[in-house]
Amino acid sequence: MTDTRAAAQRFADTWQHGWTHHDAEAILTLYADDAVHTSMPFRPPHRGKAEIADYIRRSFAEEHAPRAHFEPPIVDGDRAAVEYRVTDGEHTLAGCVFITFGHDGRAVQTRDYWHET
């Protein structure tokens, strides 16, 4: 059985560092091979680690010097919610990710809700 609080903090810390440094490989270690990620409520989901990797790399290619900050996770059972904010020059992206963890502590499902200005 996984320690969800520890898994959620690892998720937040790894994403914060990985996004700031465009380290997709570090971020991908957080996901189960068959994980499903939805980047916005009405977009089709990314199914499996390969599709998630493509999405992350495409997103990073559009950024130049991001600074990411992730808040402490809110945890309940095998789920967590984490707010985040990323600034890149004159743009700011603010959002929240909802994560469901598997028995090994890796994310099996994630859903993002975000806005950019």
Side-chain angles (χ1 to χ4, degrees):
M1 182 171 208
T2 190
D3 176 349
T4 305
R5 190 162 307 284
Q9 190 62 59
R10 182 174 55 253
F11 190 94
D13 292 344
T14 302
W15 257 103
Q16 180 172 297
H17 182 269
W19 200 335
T20 298
H21 299 284
H22 285 172
D23 187 352
E25 296 310 312
I27 292 169
L28 291 169
T29 66
L30 300 169
Y31 292 86
D33 293 340
D34 60 350
V36 176
H37 171 70
T38 303
S39 64
M40 286 292 280
F42 302 111
R43 289 183 180 175
H46 307 286
R47 299 185 181 279
K49 198 182 272 191
E51 286 187 18
I52 294 169
D54 288 344
Y55 170 71
I56 291 170
R57 290 182 182 119
R58 275 194 322 272
S59 297
F60 285 174
E62 298 172 7
E63 300 173 342
H64 300 290
R67 290 177 313 216
H69 174 75
F70 280 64
E71 294 292 331
I74 299 169
V75 177
D76 184 26
D78 64 350
R79 296 179 180 184
V82 184
E83 286 187 272
Y84 57 88
R85 183 174 294 265
V86 181
T87 57
D88 182 20
E90 295 180 14
H91 297 99
T92 298
L93 184 147
C96 187
V97 58
F98 295 88
I99 312 137
T100 303
F101 293 97
H103 68 285
D104 64 356
R106 293 186 298 162
V108 295
Q109 182 179 34
T110 55
R111 290 176 290 122
D112 279 345
Y113 296 88
W114 53 268
H115 290 281
E116 187 174 10
T117 183

[X] atom [atom1], over 12 foreign heavy atoms within 6.0 Å:
X	atom1	result
Asp104	CG	yes
Arg57	CZ	yes
His21	NE2	yes

Is there a side-chain contact between [X] and [Y], using heavy atoms and a 4.5 Å cut-off?
X	Y	result
Trp15	Val86	no
Thr2	Asp78	no
Trp19	Leu93	yes
Asp54	His46	no
Gln9	Asp3	no

If the plane angle is over 60° it's perpendicular, under 30° parallel, otherwise tilted; pick one for Phe11 and Tyr31.
-> perpendicular

Plane angle bin for Tyr84 and Phe70 - parallel if under 30°, tilted between 30 and 60°, otherwise perpendicular | parallel

So if you build clusters from Ile, Leu, Val, Met, Phe, Trp, Tyr with side-chain heavy-atom gaps below 4.5 Å, do [X] and [Y] land together?
X	Y	answer
Leu28	Val97	yes
Ile74	Phe101	no
Phe98	Val36	no

Quick check against the 3.5 Å criterion: does [X] have a side-chain atom that pairs as donor or acceptor with the backbone of [Y]?
X	Y	value
Thr92	Thr117	no
Glu71	Glu83	no
Trp114	Ser39	yes
Thr100	Val108	no
Asp88	Ala65	yes
Thr29	Ala26	yes

Looking just at side-chain N and O atoms, do Thr38 and Arg111 make a donor-acceptor pair shorter than 3.5 Å?
-> no

Looking just at side-chain N and O atoms, do His91 and Glu116 make a donor-acceptor pair shorter than 3.5 Å?
-> no

Minimum heavy-atom separation for [X] and [Y], please, with both atom names.
X	Y	answer
Cys96	Ala81	SG-CB, 4.3 Å
Tyr113	Pro41	CE2-CG, 3.1 Å
Ala68	Thr20	N-OG1, 3.0 Å
Arg5	Pro73	NH1-O, 4.4 Å

How far does [atom1] of [X] sit from [atom2] of [Y], to the nearest 0.5 angstrom?
X	Y	atom1	atom2	answer
Ile27	Ile56	CD1	CD1	5.0 Å
His64	His22	NE2	NE2	9.0 Å
Asp13	Arg10	CG	CZ	9.5 Å
Arg47	His37	CZ	NE2	12.5 Å
Asp33	Ile52	CG	CD1	10.0 Å

